[in-house]
Each structure stands twice: as C-alpha cells, then as structure tokens.
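Comments concern the structure below.
All values derive from a computational prediction rather than experimental measurement. Proteins get letters first, then strands, A, B, ... in listed order; numbering begins at 1 in each. As a basis for the values below, the full set of heavy atoms in this structure was taken, side chains included, without hydrogen atoms, waters or symmetry mates.
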Amino acid sequence: MGCFLVPAAEAIITTTATKIIKSKEKKDENVNITLSDGSVSEVSRLKFSDKLGWLNKMLAGGSVLLAFEHVWHGEVVPFFPFLTAVETGETSEMLAEMGSAGVSMAVLVTAVWAGMVIVSNAIEKRAVTENKAEGAKA
Amino acid sequence: MTLLTTVFAAIISTVVWYKNLPGNEMRTGILCWMYWGASLMWFVDAVFEYLELGADYFTPELADMVNDFYLGLSVVALGLIIWLVRLLYLDPKGVLKEVLFKKK
C-alpha cells in the first residue's frame, strides 16, 4: 500500500546526514597497502560518509523500484492524493502496513548495511596489518 | 517471482561490478545498490506474505507467476534505464563531451 515510503523517508534523512557529516569530516587518512600484483601503494581510507552513501543508494534505489511496483498494482496513482488507500478510506490499514512491513524493510536494509560496514572495516584493518607485517619482514 | 528476478539481477550486476574493478568506468555499482536494496525490501514483503498465506505462498497460480515475472523484468528494465541515464550524464569516459564539443 505504502510500505516503500518508510525506506524512502529514511533515504532522505540519511542523505541529509551524509552531506552534514561530509562537510565536518577530517582530511583523507592515508595508509600503505600491498596490491594484488605485490606492489605497495599509498591509498586513502574510505570515509564514513562514503560508506553512508551505500545505505543511501540502497534505500533510495530500492524505494524507487518498489514505488514502480506500487504503480503497477494501482496502489500509487499520478494524481492527488497519490495513494489509492487514502482515496478508498483505507488509511489506517495503510499506516499499519507502513508500521509493520515498511519499518521492517528499513530495519533490514540498515542492518545489512551495518554488516557491510563491519566487514569492510575488517578488510581495511587486515590489509593494513598485512602490509605492516610484510614491512617488518623486509 | 519478482523477488527472484530482482535477486538474480542483483547477483549478475554484482559479478559485473566486481569484474570491472578497479576503476569501474561503466559505474555499475549503482545497479548493485538498487537491485540489492529492492531485493531486501521484497524479501520482507515475501516474509509477511508467507506469514499470512503459509505454505500456499510457494504454490502461486500460473497467471500470478507470469504477471509477477513480467513485473520483475519491468523492474530490471527500469533499473537499467536509471543506470544508463546516470552513466550518460556522468560520462566517466568523457566520450559525450567529445561528441558535444567539436575541436576547431
């Protein structure tokens, strides 16, 4: 009915948060890592705002595709009030669905993103540690 | 069926993205984010539907399956159109710039 509106709203909030965080972030943190060809290269770590960008894209992209599905099923229309449930007096059912399915969608996408951030941090940490260990050997 | 179609699109676009690293001039990352985001959301939808229908969820009518597959393909097409428009706008290879501005 209108479940995609919850992740869409979260996308707006996180996009705004990304812009604020980006403006306050420090300069690039450079580290040395060993590339797959064995050469050592100085690279900059991904900032938190870049990682928050992943969440924005997942939420916004997913919401757009879900909005299309709602248009397909006639639940969203291109004229006021845009949501068929509001027009037919099913607003309470729609809000209940937003509170259950919509919130679950937003929570799941955010949880998956948090997992990705943890894994990416671990990969970054491993790459730096490996390089330090190789440097110590040499 | 829509969920399954989108999950396959997400897996294929992720493989293409990984294969094009580093650099990724075709900017396929956006396809991964869109399809994975939508897949997760439809997965939640599927769980709620399963809780409502039970085992009947796995035995849909043929007409419903065809319609859902048709919707899935349309969703994939919409994602590809969004990616293509973004790619042409960003023009990472600078090809369009060369077409639009002729050297004197």
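- Under a hydrophobic clustering in which Ile, Leu, Val, Met, Phe, Trp and Tyr are joined whenever their side-chain heavy atoms come within less than 4.5 Å, directly or via other members, B:Trp36 and A:Leu108 fall into the same cluster.
- For B:Leu31, no part sits under 4.5 Å from any heavy atom of chain A, backbone or side chain.
- Surrounding OH of B:Tyr18 are at most 12 heavy atoms belonging to other residues, nucleotides or ligands under 6.0 Å away.
- Linking ILVMFWY side-chain heavy atoms closer than 4.5 Å, directly or via other members, places A:Val107 and A:Leu52 in a single hydrophobic cluster.
- Heavy atoms of A:Val112 lying under 4.5 Å from chain B belong exclusively to its side chain.
- In this structure the side chain of B:Leu71 reaches within 4.5 angstrom of the side chain of A:Glu69, judged on heavy atoms.
- Residue-level contacts of residues 39-49 of chain B with chain A, in order of numbering, are B:Leu40, B:Met41, B:Trp42, B:Phe43, B:Val44, B:Asp45, B:Phe48; threshold 4.5 Å between heavy atoms.
- In terms of heavy-atom proximity, B:Trp33 sits nearest to A:Lys57 at CD1-CD, 3.4 Å.
- Per-residue counts of heavy-atom pairs under 4.5 Å with chain B were compared for A:Ala60, A:Ser63, A:Ala101, A:Cys3; the largest is that of A:Ala101.
- Each ring-ring contact (aromatic ring centres under 6.0 Å, His included) pair with one or both residues in residues 53-76 of chain B, not counting sequence neighbours, appears once here: A:Trp72-B:Tyr70, B:Tyr50-B:Phe58.
- One hydrophobic cluster, built from ILVMFWY side chains closer than 4.5 Å, cannot hold both B:Val16 and B:Val7; they sit in different ones.
- A:Val117 and A:Leu59 fall within the same hydrophobic cluster, defined by Ile, Leu, Val, Met, Phe, Trp and Tyr side-chain heavy atoms under 4.5 Å apart, directly or through other members.
- Note: the hydrophobic cluster containing A:Ile12 does not contain A:Phe4 (ILVMFWY, side chain heavy atoms under 4.5 Å, direct or indirect links).
- The OH atom of B:Tyr35 sits 7.0 Å away from the CG atom of A:Leu65 when rounded to the nearest 0.5 Å.
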